[in-house]
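As structure tokens, the structure follows; a few thoughts come after it.
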Amino acid sequence: MAESTPAPPPVSGLSLAGSTPYTISAADNARVCKLVGVEPDADGNAHPIFFYIATQVGMGMSVAGLCAACEFDVEKGPLLASSKTEFPGPLRIGVPYDVRGEILSLTRKPSRKLGVIDLLEYQLRLHEAGGEVVLKTTHVWVLPRGMIA
């Protein structure tokens, strides 16, 4: 990477906390289950794919807003590089979850195929009303910058 390549914007620590709780409705869960060809859980547990839906929809900004905070145009196509999710507890239908999280890092690197890229790492958590974490997910996105002068 050339010495003149500017550093990425200083976004580490930026809060991604949502302003309103996210609740998985029975109807939404039934639709998701139908789409993936499974029956809804009789015990009131939501389909695990809500790890992604609830955190992304419930975080404090849109995907476009997250990209904008990183000075990246969402129209250029962020790429999901990795995702790691932990489920300390089950996701339940009808339970309001607070979405909390933050940007962990934004690292600029050279790429042989894409020119310059930024690796955006952020974490989102679902908390029950008492504060207990029932889900923690960490995503790494590639933000292709191309050639930077």
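Checking Asp41, Asp43, Asn45 one by one against Pro90, the side-chain contact (heavy atoms from CB on, under 4.5 Å) holds for a single residue, Asn45. Tested against Leu143, the residues Leu106, Leu119, Leu79, Val74 include a single side-chain contact (heavy atoms from CB on, under 4.5 Å) partner, Leu106. Just one of Pro78, Cys70, Cys67 meets the side-chain contact (heavy atoms from CB on, under 4.5 Å) condition when paired with Leu120; it is Cys70.
Note that CD of Gln56 and OH of Tyr22 are 11.5 Å apart. Values are rounded to the nearest 0.5 Å. Put simply, NZ on Lys84 and CD on Glu121 are 10.0 Å apart, with the number rounded to the nearest 0.5 Å. Between the CG atom in Asp98 and the OG atom in Ser19 there is a gap of 10.0 Å [rounded to 0.5 Å]. Here the straight-line distance linking atom CG of Leu124 with atom OG1 of Thr85 works out to 9.5 Å at 0.5 Å rounding. In this structure, CZ in Phe72 is found 6.5 Å from CZ in Arg145, a value given to the nearest 0.5 Å. Atom-to-atom distance recorded for Leu66:CG and Ile103:CD1 is 5.0 Å, nearest 0.5 angstrom.
At a threshold of 4.5 Å between side-chain heavy atoms, the hydrophobic network of Ile, Leu, Val, Met, Phe, Trp and Tyr places Leu135 and Val32 in one connected group. Leu16 and Val134 fall within a single hydrophobic cluster, where Ile, Leu, Val, Met, Phe, Trp and Tyr side chains are chained together by heavy-atom contacts under 4.5 Å. There is no path of hydrophobic side-chain contacts, each under 4.5 Å, that joins Val133 to Ile53.
Members clustered with Val36: Val38, by chain and number, using a 4.5 Å side-chain heavy-atom cutoff among hydrophobic residues. Connectivity analysis of hydrophobic side chains (ILVMFWY, heavy atoms under 4.5 Å, direct or indirect) links Leu104 to nothing; its cluster partners are none.
If you check the side chains of Gln123 and Thr138, you find a donor sitting under 3.5 Å from an acceptor.
Of the possible donor and acceptor atoms, one in the side chain of Tyr97 sits under 3.5 Å from a partner among the backbone N and O of Arg92. Checked by atom type and distance alone, the side chain of Arg108 never pairs as donor or acceptor with a backbone atom of Ile117 at under 3.5 Å.
Looking at every heavy atom in both residues, Ala26 comes nearest to Ile93 through N-CG2, 3.4 Å. Taking every heavy atom of both residues into account, Ala54 and Val99 meet most closely at O-CG2, 3.8 Å. Counting all heavy atoms, side chain and backbone alike, Pro96 lies closest to Pro21 at CB-CB, 3.8 Å. Shortest non-hydrogen contact noted between Asn29 and Ala46 is OD1-CA, 3.4 Å. When all heavy atoms of Ser15 and Ala17 are compared, the pair lying nearest together is OG-N, 3.2 Å. A pairwise comparison of heavy atoms in Pro40 and Ala30 identifies CG-CA, 4.1 Å as the closest pair.
In this structure, Glu86 does not pair ionically with Arg125, as no charged nitrogen and carboxylate oxygen lie closer than 4.0 Å.
Thr107 pairs by the side-chain hydrogen bond (donor to acceptor under 3.5 Å, both in side chains) definition with nothing, not counting sequence neighbours. Annotation: side-chain hydrogen bond (donor to acceptor under 3.5 Å, both in side chains) contacts of His127 (sequence neighbours excluded): Arg100. In terms of the side-chain hydrogen bond (donor to acceptor under 3.5 Å, both in side chains) criterion, residue partners of Ser25 (sequence neighbours excluded) are, by chain and number, Asp28. Residues that satisfy the ring-ring contact (aromatic ring centres under 6.0 Å, His included) test with His139, not counting sequence neighbours, are Tyr52, Tyr122.
Looking at heavy atoms from C-beta onward, Met61 lies in side-chain contact with Leu14 at the 4.5 angstrom threshold. Two residues are said to be in side-chain contact when any heavy atoms from C-beta on lie closer than 4.5 Å; Leu91 and Leu126 meet this criterion.
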